[in-house]
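Notes follow once the structure below has been shown.
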2 protein chains.
Amino acid sequence: MADVARVAGVSPMTVSRAFKRDASVSEATRSAILRAAEDLGYVFDATASNLRSQRTDFVAVTIPSLNNANFAETVSGLSEGLKDRGLQILLGYTNYDIHEEERLIEQLLRRRPEAIVVTGGRHTDRARRMLENAGIPVIETWDLPPHPIGHVVGFSNAAAVRGMVDHFVARGLTRIAFIGGDADRDTRGTDRRAGFIAAMQSHGLDATRLIAAGIPPISMREGADAMGRLLDTLPDTQAVIAVSDLSAFGALTECQRRGVDVPGRLSIAGFGDYEIGAICVPPLSTINPHPRDIGARTAALILQVLAGDGTQTSVIEVQPELTIRQSSL
Amino acid sequence: MADVARVAGVSPMTVSRAFKRDASVSEATRSAILRAAEDLGYVFDATASNLRSQRTDFVAVTIPSLNNANFAETVSGLSEGLKDRGLQILLGYTNYDIHEEERLIEQLLRRRPEAIVVTGGRHTDRARRMLENAGIPVIETWDLPPHPIGHVVGFSNAAAVRGMVDHFVARGLTRIAFIGGDADRDTRGTDRRAGFIAAMQSHGLDATRLIAAGIPPISMREGADAMGRLLDTLPDTQAVIAVSDLSAFGALTECQRRGVDVPGRLSIAGFGDYEIGAICVPPLSTINPHPRDIGARTAALILQVLAGDGTQTSVIEVQPELTIRQSSL
DNA sequence: GGGCCGGATGGTATCGTTACCGTCCGGCCC
DNA sequence: GGGCCGGACGGTAACGATACCATCCGGCCC
C-alpha cells in the first residue's frame, strides 16, 4: 500500500480510503490510485484490514450438504440479499453430522464473521455454547427449534407433512407409508417422519408403515430400494410419502421397473419441490418449503439486526406450500 | 489471549503455542491452557494469526454453480484431500459468468489463500493477470486450456463427446443431434458441442442437428423443451447427445410424454454420470468425468507444490469414462 | 476582510497474534 | 565438575491495514 501511495503521489491513508466505498477521496485521486494499484499488481490485504477494523464483512453459513438444490437455493437467496451491503458468504458443510458441525462452527467463528447462519436447530452442547457466546447474530434456519439460540427463519417440517397426509386421507387413502427419516442424523427428516406418524394417528390410521432409507443424504437409489422393500412386505400400501423428492423419484422408478401403476395403484409424494418432481412422468406431488425465501428473509433479518434494530430475537415462520401433481391424483 | 494466559498462569506466547499443532508445550500445560480458554469462552482470532504469520491455511476454489452434483463432488474430493494438512476451502461460485468470476477471484485473493483452484480455462484478461501475479499455485480444472495459467487437472470435453459419437456410429446410427452447448457462457458445454461437430464431420456425417437449450445451468426443463423442438423439426433423428445428464433426462421425459420409445426409436446420452442417469427408466448412457478424482488429484497436486517440489507446472489429464446404458442400446 | 465550515488529505498508534531470539534448567557426557 | 544439549517457556517487535485526530485550504457569510 505504501508503494501504491508513492506511485500515486499520496499518503497510504488516502490509498486506504480509495479502496473503501464511501470515503471522502476526490474522484481524480481515487482513479489515479486505483490505476497505480493495478499497474503495480497490488492486491488489497483483507486480513490486515479485518484485524484493524474488527470487521470482516462476511457471514458464516453452514449447510448439511453442498450438493442439494434446496440448500443451494437458500444460500443463493441469502447471498443475493447480502451482496448489496458488501457482505460475502463463508460457506461450510457438515455432511449432516452435528459433530462435524461443531468443528465447522469453531473454525468459522475464528474467522470473525459478522453473523452466522446454521441449518437446523439441533447442535452439540459445545456448538450451542459457542454460538451463544459468539457475540454476533445467530440465525437457525430450516427448522423451528423449541429453544432457539438466537433468531430463527424456518418452518415446521412436521406440520408440512401433515398437510400431505391430510391430502391423501381426503382422497380416501388410508394405507399410507413413509420412506426415510429413520436416521438420527437428519433432524429435518426425522421431524417429517414424526409429523407423518402424528398426523396418521390423529386420523386414527395405522402409522407403522415406516421404511428405512439409510443415512443422509438419502439418494434416489435408496428411495428405490426402500420402495422395493415396501412393495415386497406391504403390497397393499396405497400411498407413499418420501422424505424428499429425490427418494420419491427413486421410488417412482422402482414402480416403473415393476410395472406398478402410479398413481393408479399407488400414489407417491415427496418433499422439497426439486426440479425432478416437476418434470418426471408422472410429476410428483410435493411440499415446497420455498428455500430461496428462507435465504432472502434470513438476509433481510441479518441486515436489520446488524443495523442495530433492537436486540430482541425474532422467529420468522415461512409457509411451506402443498403442491399436488399427478403422482397422487 | 492475554486473559487466557493469566488464568492458566503462563505467558501469551505459550498460549499461542498451545493452539498450534506441533509446538513444544508440555501436555499438562497445553491442556490447562485449553481448559482456561474454554472456560473463558476465548475464541482464537484467525485474522490476527493470518496477518502475523502470513499464512491463512485455506485454498480458494471457484465453481460455476453450487447446485451441481459434479462440481460438488470435485469440491468434496478436494476438501477431503486437503483436510489432513489443515487446509480449509474458501468456496465461491460464479454463476457461469467470467465477469462474476473476475470479481470473485479478486475477493478471494484479497483473503490471501495458499492456492487457488478455478473451474475452467477461460477467464477475463484481468482475471488472468491477477491469477498470474498472485504468487500462489493456480490450478485450472475441468478443462485442458490451450494456454494454462499454472497447473491443470482436467480432461478434454471435446474428446469425451467424440467417444459417445463413435459409440452411436458403431451402432449404425447416423442422424445424431446435440442438445445444448450453444451458450457462450458455459465453456465446457460449448467444448462438448464443438467435439460433437468435429466427431460427426470426421465420420462424414451431418453435424447440423444442433438444438439450443438456453443459458446455463441447463435445466431438465430446458432439455425437455429442446427435445420437443427436435422432435417437431427433425423427427427422423435417431440419437441425441445432451450437454448433461440433467438435460438428457429432461429430453427423455419429453419422449415419454409423447410416446416416443427410447431407445427403440431414439437413443439418448448425457454427460456427467449424475445419479439420475443411473436410476431413471431406461437408464442413460453417459460420460463419467470422475469429478471426485479431479478434486482428489488437485488436492494432491496442491500439497506437493506447497511442499516445494519444484516450480514447473504440471498438466494432469484425467480420463473420462464412457458408460453405456439402456438408453442407447 | 475575518471567521467559519466542510471536503480532502496526512500522521500515529493499534488491532491480536506470532517470528525471532533469549533464558532457564535438568540431564548427560567426558 | 564443567560443558553441552535440548525441551519448555518468555519478551519484543512486527504483520498491513485503519480509527482517530489533526491539518490544510478554498469558498462563503456577514
Side-chain angles (χ1 to χ4, degrees), chain A residues 1-34 36-37 40-58 86 88 106-114 133-136, chain B residues 1-34 36-37 40-58 86 88 106-114 133-136:
Chain A
M1 190 174 260
D3 294 342
V4 174
R6 205 172 308 119
V7 171
V10 295
S11 77
M13 210 41 246
T14 303
V15 176
S16 171
R17 278 190 276 255
F19 276 92
K20 299 269 116 207
R21 298 194 141 205
D22 43 277
S24 66
V25 181
S26 74
E27 216 29 73
T29 311
R30 184 193 300 268
S31 59
I33 288 170
L34 293 183
L40 291 173
Y42 165 76
V43 178
F44 184 88
D45 189 326
T47 49
S49 170
N50 293 342
L51 175 60
R52 172 66 243 225
S53 67
Q54 299 292 77
R55 301 182 329 110
T56 54
D57 284 342
F58 66 59
Q88 288 186 277
E106 181 166 26
Q107 292 302 318
L108 291 173
L109 290 179
R110 288 181 168 199
R111 304 217 186 257
R112 296 289 188 266
E114 313 284 344
N133 300 329
I136 55 175
Chain B
M1 191 176 258
D3 295 341
V4 174
R6 204 172 310 117
V7 170
V10 296
S11 78
M13 211 38 247
T14 304
V15 176
S16 171
R17 277 191 276 254
F19 275 91
K20 300 269 121 217
R21 297 192 143 207
D22 44 272
S24 68
V25 181
S26 75
E27 215 28 72
T29 311
R30 183 192 300 267
S31 59
I33 288 171
L34 293 183
L40 291 173
Y42 165 76
V43 178
F44 185 89
D45 189 326
T47 52
S49 171
N50 293 343
L51 176 60
R52 173 66 242 225
S53 67
Q54 299 291 78
R55 300 182 331 111
T56 55
D57 284 342
F58 67 61
Q88 289 185 276
E106 180 167 25
Q107 292 302 318
L108 291 173
L109 290 179
R110 288 180 167 200
R111 304 221 186 252
R112 298 288 188 266
E114 312 284 344
N133 300 328
I136 55 175

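The model shown is predicted, which means the values in this text are computed figures rather than measured ones. Only this structure's heavy atoms are used, side chains among them; waters, hydrogens and symmetry mates stay out. A, B, ... follow the sequence lines: proteins, then strands. Residue 1 opens every chain.
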A:L51 has its side chain closest, among D:dA19, D:dG10, C:dC15, to C:dC15
Whole-Å distance, B:R110 CZ to D:dG16 P, equals 16 Å
With sequence neighbours left out, the residues meeting side chain to side chain contact (heavy atoms under 4.5 Å, CB included) with B:P12 are B:A5
Original post:
Heavy atoms, side chains only, cut-off 4.5 Å: are B:D57 and B:Q88 in contact?
Top reply: no
Sorted by chain and residue number, the side chain to side chain contact (heavy atoms under 4.5 Å, CB included) partners of A:A36 (sequence neighbours excluded) come out as A:V4, A:V7, A:A8
Hits for side chain to side chain contact (heavy atoms under 4.5 Å, CB included) against B:R110, two or more places apart or cross-chain, chain-then-number order -> A:F19, A:V43, A:F44, A:A46, B:E106, B:Q107
The complete set of salt bridge (Lys or Arg N to Asp or Glu O under 4.0 Å) pairs with one or both residues in residues 4-13 of chain B, sequence neighbours excluded, reads B:D3-B:R6
Residue set satisfying side chain to side chain contact (heavy atoms under 4.5 Å, CB included) with A:A32, at least two apart, ordered chain then number -> none
Grab the N/O contacts between the protein and nucleotides 5-7 of chain D below 3.5 Å, and write none if there aren't any.
none

The residue, B:R30 or B:Q54, whose nearest nucleotide of DNA chain D is more 5′ is B:R30
Sequence neighbours excluded, the answer for side chain to side chain donor-acceptor pair (under 3.5 Å) partners of A:S49 is none
*Determine, step by step, whether A:I136 and A:E114 satisfy the side-chain contact (heavy atoms from CB on, under 4.5 Å) criterion, reporting the C-alpha distance in whole Å, the side-chain angles of both residues, the deciding distance to 0.1 Å, and the verdict.*
CA-CA 6 Å; A:I136 55 175; A:E114 313 284 344; 5.9 Å; no
Taken to the nearest whole Å, CG/B:N50 to P/C:dT18 is 9 Å
The dot-bracket string of DNA chain D, counting Watson-Crick and G-U wobble pairs with both distances under 3.5 Å, using [ ] for crossing pairs and | for pairs to another strand, is ||||||||||||||||||||||||||||||
Between CE of A:M1 and P of D:dA14 the distance, given in whole Å, is 20 Å
Of the candidates D:dC9, C:dT17, D:dA17, the side chain of B:S16 sits closest to C:dT17
Between CZ of B:F44 and P of C:dG16 the distance, given in whole Å, is 13 Å
Taken in chain and number order and not counting sequence neighbours, the residues that satisfy side chain to side chain donor-acceptor pair (under 3.5 Å) with B:Q54 are none
Side-chain atoms of A:R52 come closest, of C:dG16, C:dT18, C:dT14, to C:dT14
Worksheet item: At under 4.0 Å between heavy atoms, what does B:Y42 touch on the DNA or RNA strands: base, sugar-phosphate, or nothing?
Response: sugar-phosphate
Does B:R112 get its side chain close enough to the base of D:dG16, under 3.5 Å, for a donor-acceptor pair?
no
B:S26 has its side chain closest, among C:dT9, C:dT18, D:dC9, to D:dC9
Go through the steps for A:N50 and B:R111 under the test side-chain contact (heavy atoms from CB on, under 4.5 Å), then give the verdict.
CA-CA 10 Å; A:N50 293 342; B:R111 304 221 186 252; 3.5 Å; yes
* To do: Give A:T29 one of three labels, base, sugar-phosphate or nothing, depending on what nucleic acid heavy atoms sit under 4.0 Å from its own.
  => sugar-phosphate
Taken to the nearest whole Å, CZ/B:R17 to C1'/C:dA19 is 10 Å
To the nearest angstrom, the NZ-P distance between A:K20 and C:dT9 comes to 17 Å
To the nearest angstrom, the CZ-P distance between B:R55 and D:dG16 comes to 15 Å
Separation of C:dT14 atom C1' from B:D45 atom CG, nearest Å, is 14 Å
Those residues at least two apart in sequence (or on a different chain) that pass side chain to side chain donor-acceptor pair (under 3.5 Å) with A:N133 are none
Taken in chain and number order and not counting sequence neighbours, the residues that satisfy side chain to side chain donor-acceptor pair (under 3.5 Å) with A:S53 are none
Within residues 5-15 of chain A, the residues having a heavy atom closer than 4.0 Å to DNA chain D are A:M13
